[in-house]
Amino acid sequence: MQKSGGSGGTQLKNRARGDYDQRTSSSTQIKHRNAVQGSKSSLSTSSPESARKLHPRPSDKLNPKTINPFGEQSRAPSAFAAIYSKGGIPCRLVHGSVKHRLQWECPPESLSFDPLLITLAEGLRETKHPYTFVSKEGFRELLLVRGASEKAVPLLPRLIPVLKAALVHSDDEVFERGLNALVQLSVVVGPSLNDHLKHLLTSLSKRLMDKKFKEPITSALQKLEQRGGSGSLSIIKSKIPTYCSICC
């Protein structure tokens with residue numbers, strides 16, 4: 001009886017030790033598996049591809065494969081920017097130490113105003129350099145050439161809607177460029193502008209409510225009246241009743 005009891009106790013001990021060894025082995029396997037997975041995760045996050053995603057290199061911006069198709073870089077250039085980049089504007093910006101200037105490929109007086117003057121007027125709505133300078137200065141210099149009046153007057157029906165688009169633009173600098181261009185045009189075409197003036201005055205009337213534009217708009221209206229003659233006053237007053245004539 002004693003021998004049988006001793007054998008049963010030995011079996012229980014062996015079984016307990018087996019269960020313990022099995023649990024220890026399972027725990028070791030789990031720890032090993034977790035360590036391997038953690039190592040793989042660490043390797044994947046430290047790989048060159050992952051590092052590139054977290055910290056993109058400057059050169060990635062030049063790689064078409066890395067460009068976001070919905071980002072700002074993918075936006076198509078404006079009509080004026082596209083024409084300028086293709087050499088459709090016969091002048092280029094020259095950077096000076098003090099101020100910039102335009103260099104024309106040929107004398108401006110030899111150029112046809114159609115469609116160059118209209119294209120430059122469309123560029124007044126640009127908001128990026130160098131298009132802002134090229135369009136503004138190109139429009140001004142083209143109107144200074146000999147015979148500009150004869151070339152510009154036939155284009156007024158097409159020029160006015162383009163100038164109006166600049167005058168109704170939400171960007172203040174675009175509006176200012178449009179206002180200056182309108183005054184420059186009035187100097188060249190004179191009373192010929194009167195037939196089209198009413199289409200522009202509503203935009204000026206709205207901007208008059210802004211204090212920072214009250215003085216430049218008033219000055220522009222006075223120049224329009226001066227260049228447009230007696231017929232321009234009634235047109236201006238019909239749209240802006242508060243305007244005071246320079247003749248008063």
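Along the sequence shown, residues carry numbers from 1. Given the structure is predicted, the values throughout are model-derived calculations rather than measurements.
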With the side chain counted from C-beta on, respond yes when [X] and [Y] share a heavy-atom pair under 4.5 Å apart, and no when they do not.
| X | Y | answer |
| --- | --- | --- |
| Val134 | Phe80 | yes |
| Leu93 | His95 | yes |
| Arg227 | Val189 | no |
| Glu173 | Thr127 | no |
| Leu182 | Leu193 | yes |
| Leu204 | Phe213 | no |

Discussion item. Which residues pass the side chain to side chain contact (heavy atoms under 4.5 Å, CB included) test with Lys212, not counting sequence neighbours?
Written reply: Asp172, Asp210
Do [X] and [Y] belong together in a cluster built from hydrophobic side chains that touch within less than 4.5 Å?
| X | Y | value |
| --- | --- | --- |
| Val168 | Phe175 | no |
| Val153 | Leu224 | yes |
| Ile160 | Leu124 | yes |
| Leu233 | Ile246 | yes |

Worksheet entry | Over 12 non-hydrogen atoms of neighbours within 6.0 angstrom of NZ in Lys237 | yes
Worksheet item: With a cut-off of under 6.0 Å to the ring centre and 45° to the axis, is Arg92 in cation-pi contact with Tyr84?
Response: yes
Enumerate donor-acceptor pairs with a distance under 3.5 Å from any side-chain N or O in residues 111-121 to protein atoms, sequence neighbours excluded.
residue : atom : partner : partner atom : Å
Ser112  : OG   : Asp114  : N            : 3.3
Ser112  : OG   : Asp114  : O            : 3.1
Asp114  : OD1  : Arg158  : NH1          : 3.3
Asp114  : OD1  : Arg158  : NH2          : 3.0
Asp114  : OD2  : Arg158  : NH1          : 3.2
Thr119  : OG1  : Pro115  : O            : 3.0

Worksheet, complete the sentence: Interatomic distance, OG@Ser205 vs CG@Leu200, rounded to 0.5 Å, equals 12.5 Å
Worksheet item: Please walk me through it: do Leu221 and Glu225 pass side chain to side chain contact (heavy atoms under 4.5 Å, CB included)?
Response: CA-CA 6 Å; Leu221 291 173; Glu225 180 191 356; over 6 Å; no
Fill in: Arg177 side chain to Lys136 backbone, donor-acceptor under 3.5 Å
no
Practice prompt. Hey, can you tell me if His129 and His100 have their rings parallel, tilted or perpendicular (30° and 60° cut-offs)?
Written response: tilted
